[in-house]
Amino acid sequence: MSRKAQAVKLLDEQGRRVDGRLPDEMRPLKIEVGKLKNADGSAYVELGNNKVIAAVYGPREVVPRHEALPDRALLRCRYSMLPFSVAERKSPQPTRREIEISKVVREALAPAIFLEEYPRTAIDVYIHVIEADGGTRTASIIAAATALADAGVAMRDLVAAVAIGKIGEVLVVDINGLEDQYGDGDMPIAMMPQLGEVTLLQADGVFKPEEIKRALEMASKHIRYIHSVQVRALKETYAKVEEGEVVG
Amino acid sequence: MQGAQRILVPGEVVGEKEGRGRVEVEGAVYKAGSQYRAKTLSVARYDERGNVLRVIPLKGKYIPSVGDIVIGIIVEVGFTSWLVDINSPYTAVLPVSEVSSRPVTIPRSDLSKILDEGDMILAKVISFDKTKDPVLTIKESKLGKIQRGLLVEISPKKVPRVIGRKGSMIKLIESMLDVEVVVGQNGRVLVVGSDRRREEIAALAIKKIEAEAHTEGLTSRIKEYIEGMLR
């Protein structure tokens with residue numbers, strides 16, 4: 001076991017993690033669809049202590065005009081952590097980290113959208129982290145993909161994501177803030193669940209080739225579960241709309 | 001829940017377990033290998049004969065297509081054309097040549113005398129190919145400036161329900177309330193009647209159709225609703 005992991009005990013003798021989960025256990029996931037009335041589509045995601053809200057506007061006219069692409073839609077994502085989302089106040093100015101996450105979230109979503117169906121338009125995705133506890137980028141992808149579907153944007157598939165972490169030699173799923181800080185590795189993976197294609201794979205820490213293989217297997221199992229939650233949230237919301245209870 | 005069964009999410013395989021014969025799938029789908037998958041959040045329903053499965057999107061923006069009748073609002077008056085908001089990501093162009101067949105002397109005539117900002121028009125899309133903005137015409141009969149009436153905005157994807165099967169829903173509203181209903185494919189609906197109160201009832205009925213689109217027995221419920229309002 002590495003020095004860092006010993007400093008903070010992330011796995012106890014029974015193989016339980018700091019929050020009592022088993023290595024192959026996700027935090028509870030809750031998704032709500034269509035919470036924002038002004039947006040074309042929206043989703044609110046709770047993943048353990050993470051609280052994330054995503055709003056989708058578009059396809060709409062591109063402002064500024066010269067940024068429009070002649071053959072496809074411009075997908076713009078903005079990930080931002082609110083000042084009160086972490087214990088110490090976070091300056092509202094976008095940090096390097098937020099700019100990076102905006103980029104990777106955009107690139108994780110882009111392959112799933114039929115961007116060529118909406119040339120010269122923009123699809124804007126705004127993601128706000130209300131409370132953060134490790135794995136906000138995966139929660140953001142889950143929320144953004146669900147919001148895109150809610151907006152009625154043409155997509156190949158939804159996108160779901162989960163982070164695989166490493167504590168000593170043990171691979172753990174969906175790492176929380178502590179495990180992210182003191183663990184030995186973090187590998188966020190996003191996939192199109194029904195098509196089985198990977199759209200995001202980042203990693204920090206050292207992973208052996210067979211560990212990457214195992215991580216992908218673990219991730220695809222949990223991504224299937226996340227997808228089922230996304231589908232249920234969407235279908236339940238629209239079943240209600242169909243019965244005329246709620247509009248929008 | 002029976003209602004939830006028919007709702008499709010993007011990427012979901014459409015009509016896989018149907019063993020009986022070949023079922024044709026049409027609508028908002030794409031083909032991946034040999035399977036059809038839904039493109040958008042939509043509902044799947046069979047047509048009357050049960051051999052065509054239609055995938056109908058539940059939400060989305062209006063994307064123009066040639067031949068559509070739309071209701072637009074003039075947003076800008078230019079030297080030789082107008083820019084028209086058609087409730088879509090694309091702004092439409094209405095050139096002078098598509099307004100009057102008589103030649104218009106550009107320098108001397110001010111186009112705002114013909115159509116001004118804020119004016120509403122009923123127009124037809126005559127060209128749109130995604131690289132160029134849609135072009136409208138108002139030269140055909142019935143098209144042109146809208147003088148009066150009540151405008152209702154609904155989701156463009158709910159327009160087929162407001163029209164009803166072979167226009168049945170419109171006919172119902174028109175005959176019960178003695179109004180004329182003009183439906184733009186872009187989700188704008190115009191109600192013209194002699195009585196303000198009846199126009200308002202028609203507008204409310206259209207809003208009700210939008211809210212309850214894709215439910216069974218909608219036509220009879222709308223009929224009851226209008227009867228209730230008239231009393």
Side-chain angles (χ1 to χ4, degrees), chain A residues 33-34 40-41 56-62 65 68 70-73 112-114 116-123 145-146 148-160 192-197 227-228 230-248, chain B residues 1-13 28-33 35 37-43 45 55-63 75 83 85 87-91 128-134 154-158 207-216 218 221 225:
Chain A
V33 174
D40 293 314
V56 170
Y57 291 84
R60 64 178 177 185
E61 218 167 307
V62 190
R65 211 63 181 264
D71 59 337
R72 69 202 130 99
I113 307 172
F114 284 99
E116 63 278 10
E117 287 206 4
Y118 312 104
R120 298 182 298 123
T121 64
I123 300 172
T146 316
L148 279 165
D150 180 41
V153 174
M155 295 166 85
R156 270 169 261 273
D157 197 350
L158 292 171
V159 184
M192 292 194 255
Q194 292 167 97
L195 303 176
E197 285 170 30
H227 178 249
S228 71
Q230 287 176 311
V231 171
R232 205 184 322 132
L234 284 166
K235 288 195 175 177
E236 272 173 11
T237 307
Y238 280 90
K240 263 188 218 150
V241 173
E242 289 231 315
E243 283 154 22
E245 282 177 36
V246 191
V247 187
Chain B
M1 202 183 298
Q2 222 252 317
Q5 289 280 304
R6 299 175 297 141
I7 301 171
L8 299 169
V9 297
E12 194 168 336
V13 176
V29 291
Y30 73 98
K31 217 171 174 185
Q35 287 167 320
R37 288 173 184 273
K39 254 187 191 175
T40 62
L41 196 68
S42 42
V43 287
R45 67 169 63 210
V55 178
I56 308 151
L58 281 170
K59 258 184 150 181
K61 291 281 167 86
Y62 170 66
I63 303 295
V75 288
L83 289 185
D85 164 42
N87 192 26
S88 158
Y90 306 98
T91 306
F128 176 62
D129 65 357
K130 292 198 172 180
T131 62
K132 286 197 205 93
D133 279 333
I154 58 167
S155 160
K157 302 290 180 208
K158 301 279 156 61
K207 273 290 182 194
K208 192 175 165 69
I209 297 168
E210 185 198 13
E212 296 174 22
H214 305 298
T215 49
E216 305 294 330
L218 186 56
R221 238 174 315 130
Y225 177 76

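Quantities reported herein were computed from a predicted structural model and do not represent experimental measurements.
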Most chain B-contacting option - heavy-atom pairs closer than 4.5 Å, from A:Asp40, A:Leu158, A:Asp71
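Heavy-atom pairs under 4.5 Å are most numerous for A:Asp40.
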Over 12 foreign heavy atoms within 6.0 Å of CZ, A:Arg60 |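 Above 12, so yes.
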Mind checking whether [X] and [Y] have side chains closer than 4.5 Å, heavy atoms only?
| X | Y | result |
| --- | --- | --- |
| B:Lys130 | A:Arg120 | no |
| B:Tyr90 | A:Pro119 | yes |
| B:Arg37 | A:Leu195 | yes |

Portion of [X] that has a non-hydrogen atom of chain B nearer than 4.5 angstrom:
| X | answer |
| --- | --- |
| A:Gln230 | neither |
| A:Leu234 | side chain |
| A:Ala151 | backbone |

Ignoring hydrogens, what is the shortest heavy-atom contact between [X] and [Y]? Give both atom names and the distance.
| X | Y | answer |
| --- | --- | --- |
| A:Phe114 | B:Lys39 | CE1-CG, 3.6 Å |
| B:Pro89 | A:Pro59 | CG-O, 3.2 Å |
| B:Lys59 | A:Asp150 | CD-O, 2.9 Å |

As an exercise, state the distance from [atom1] of [X] to [atom2] of [Y], rounded to the nearest 0.5 Å.
| X | Y | atom1 | atom2 | result |
| --- | --- | --- | --- | --- |
| A:Leu148 | B:Thr40 | CG | OG1 | 12.5 Å |
| A:Thr121 | B:Lys61 | OG1 | NZ | 9.0 Å |
| B:Glu12 | A:Lys235 | CD | NZ | 3.5 Å |

Exercise. What part of B:Lys132 gets closer than 4.5 Å to chain A, counting heavy atoms only: side chain, backbone, both or neither?
Worked result: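 Contact with chain A is through the backbone of B:Lys132 alone.
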